[in-house]
Amino acid sequence: MEYTPGQGYRDGYNDRMVGKTNKVYKDPTQYYDSPYGEEYNIGYREANEKVMREARKSVNEGRFLAG
């Protein structure tokens, strides 16, 4: 895979925002200790924080009702 700086972050962020699992954790040998893998994890983690922040906000505002 050809590496373009920033692509790992974008891929990780986008994967989390559409609900995909973290591919670096899924196959660490392919991405271990690589700039792409590090960026991917950062992007994935930051998107996860956004998802969680929005979920907490919706619960606090009463838009989410547990079943």
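Counting begins at 1 with the first residue of the sequence. The model shown is predicted, which means the values in this text are computed figures rather than measured ones.
Hydrophobic clustering of Ile, Leu, Val, Met, Phe, Trp and Tyr side chains at less than 4.5 Å, counting indirect connections, keeps Tyr31 apart from Tyr25. In terms of hydrophobic clustering, with Ile, Leu, Val, Met, Phe, Trp and Tyr side chains grouped at heavy-atom distances under 4.5 Å, Tyr44 and Tyr36 are assigned to a common cluster. Taken together through direct or relayed side-chain contacts under 4.5 Å among Ile, Leu, Val, Met, Phe, Trp and Tyr, Tyr9 and Val51 form part of one hydrophobic cluster.
In terms of heavy atoms, Glu39 sits closest to Gln7 at OE1-N, 3.5 Å. Closest approach of Thr21 to Tyr40, counting heavy atoms only: O-OH, 3.8 Å.
Side-chain atoms of Glu38 and Asp33, non-hydrogen and from C-beta on, do get closer than 4.5 Å to each other. With a 4.5 Å cut-off on side-chain heavy atoms, Asn22 and Arg16 do not count as touching. Between Lys23 and Asp27 the shortest side-chain heavy-atom distance does not fall below 4.5 Å.
In this view, Lys20 and Asp15, Val18 satisfy the side-chain contact (heavy atoms from CB on, under 4.5 Å) rule, not counting sequence neighbours.
Atom CG in Asn48 sits 10.5 Å away from atom CZ in Arg53 (nearest 0.5 Å).
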